[in-house]
*Asks:* 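Structure provided below as structure tokens; questions to follow.
Counting from 1, the numbers follow the sequence of the chain as shown.
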Amino acid sequence: MSTVIPFETAKPAAAAKPERVGVLLVNLGTPDTADAAGVRVYLKEFLSDPRVIENQGLLWKLILNGILRIRPARKARDYRKIWNAERNESPLKTITRAQAEKLAADISDHDHVVVDWAMRYGNPSIRSRIAALDAQGCTRLLVVPLYPQYSAATSATVCDEVFRVLAGMRAQPILRVTPPYYDDPDYIEALAASVNAHLAGLPFQPETILASFHGMPKSYVDKGDPYLAQCIATTDALRKRLGLDASRLILTFQSRFGNAEWLQPYTDKTVAKLAKDGVRRIAVVTPGFSADCLETLEEIAQENAEIFRHNGGEQFAAIPCLNASDGGMDVIRQLVLRELQGWI
């Protein structure tokens, strides 16, 4: 039997929040502090993600326990080499914040759009920033994974976390996610302009340029991950735009660990071989990263530069990521405005 509540005694619904659109930029993540304790917390979260390490069985848990005893102190030393001492944070956090602030200024004529930023691992967390956008009345949400190329270990795990957060919300925002932009003409043009500008400022002319992307186990690609194909597409488009052939702009992969076969050719081994073969001047661009971070500022600009010189190379240049440069922000702005069509 149904119950009828008299109109006079019915309580009015809570006042509706003003409809606003949230834009959430998301990058990979960073430790909160450049010490072993901070790195340990970060690595545990990162390496416990089954998108990153797909086999999370007992053997991996034993291996992870060993990693968390030894690796944090070493990685903390690497972070301290690049740490933003003024803000007491990693460059990735500094740059991602700047990207969000510049995007907000760039689209400030849309006063009902709120721009925020988060890290998939570490802080500020995706959960905390979605909550902040919700509190500001954002009933629509555009998530922007800051990865030019899609992979399950990057873009997909951002979506996983967003979905987990939304699963606990009674009033979910309407959701959109930006696509990868690996061959977007604006992105390729910005990359090419950045490469040309930095090469023009060098005191030498590189004989070879490496396009170094973050690696992944080959088995992930064998299972259907499109990452390799998109890295190749980016490199091919950049070669064409710069007028270089495959011998002058070489695709390589960095940041591997463990004993499994990863995508090849490996950046460090290629750098060493080029030097041994008599190449004396090289430059490295990292088109898979939207912002400079440990993998570009320390692994490429320092570790690989040392590998090159140790094997006979003489001059090495690491070309910065697009970061919050005018060209980089144009890519992000155009991507966001395109995906916000119909909402603004």
*Asks:* Tell me, please, which residues at least two apart from D222 pass salt bridge (charged side-chain N to carboxylate O under 4.0 Å, His left out).
*Replies:*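 For D222, the residues satisfying salt bridge (charged side-chain N to carboxylate O under 4.0 Å, His left out) (neighbours in sequence not counted) are K218.
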
*Asks:* Is the positively charged end of R176 above the ring of W343, judged by distance under 6.0 angstrom from the centroid and angle within 45° of the axis?
*Replies:*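 Ring-cation test returns yes.
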
*Asks:* Restricting to pairs with a member in residues 256-273, which pass salt bridge (Lys or Arg N to Asp or Glu O under 4.0 Å), not counting sequence neighbours?
*Replies:*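 Sorted pair list: R256-D268, K273-D277.
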
*Asks:* Side chains of residues 58-73: which donor-acceptor partners sit under 3.5 Å, not counting sequence neighbours?
*Replies:*
from, atom 1, to, atom 2, distance (Å)
W60, NE1, L47, O, 3.2
N65, ND2, K61, O, 3.3

*Asks:* Give every residue pair that meets the salt bridge (Lys or Arg N to Asp or Glu O under 4.0 Å) criterion with at least one member in residues 193-209, sequence neighbours excluded.
*Replies:*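 Applying salt bridge (Lys or Arg N to Asp or Glu O under 4.0 Å) to every pair that reaches into residues 193-209, excluding sequence neighbours, yields E207-R281.
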
*Asks:* Using the salt bridge (charged side-chain N to carboxylate O under 4.0 Å, His left out) criterion, which residues pair with R333? Sequence neighbours excluded.
*Replies:*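 R333: salt bridge (charged side-chain N to carboxylate O under 4.0 Å, His left out) contacts with D106, D330.
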
*Asks:* Does a donor on one side chain sit under 3.5 Å from an acceptor on the other, for E89 and T30?
*Replies:*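 No.
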
*Asks:* Suppose we screen for ring-ring contact (aromatic ring centres under 6.0 Å, His included). Which residues come up paired with F163, at least two apart in sequence or across chains?
*Replies:*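 Here no residue qualifies.
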
*Asks:* Partners of D326 by salt bridge (charged side-chain N to carboxylate O under 4.0 Å, His left out), sequence neighbours excluded?
*Replies:*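 For D326 there are no salt bridge (charged side-chain N to carboxylate O under 4.0 Å, His left out) partners, ignoring immediate neighbours.
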
*Asks:* For residues 245-255, which residue pairs qualify under salt bridge (Lys or Arg N to Asp or Glu O under 4.0 Å), counting only residues two or more places apart or in two chains?
*Replies:*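 Listed by first then second residue: nothing to list.
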
*Asks:* Which pairs pass ring pair (Phe, Tyr, Trp, His ring centres under 6.0 Å) with one or both residues in residues 255-274, sequence neighbours excluded?
*Replies:*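 Matches after skipping sequence neighbours: F257-W262.
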
*Asks:* Kindly write out the residues that satisfy salt bridge (charged side-chain N to carboxylate O under 4.0 Å, His left out) with D78, not counting sequence neighbours, or none if the list is empty.
*Replies:*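 For D78, the residues satisfying salt bridge (charged side-chain N to carboxylate O under 4.0 Å, His left out) (neighbours in sequence not counted) are K75, K81.
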
*Asks:* Give me each pair satisfying salt bridge (Lys or Arg N to Asp or Glu O under 4.0 Å) with a member in residues 335-344, each pair once, sequence neighbours excluded.
*Replies:*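 Of all non-adjacent pairs touching residues 335-344, those that pass salt bridge (Lys or Arg N to Asp or Glu O under 4.0 Å) are D184-R338.
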
*Asks:* Could I get the full list of ring-ring contact (aromatic ring centres under 6.0 Å, His included) partners for Y187, not counting sequence neighbours?
*Replies:*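 Y187: ring-ring contact (aromatic ring centres under 6.0 Å, His included) contacts with Y181.
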
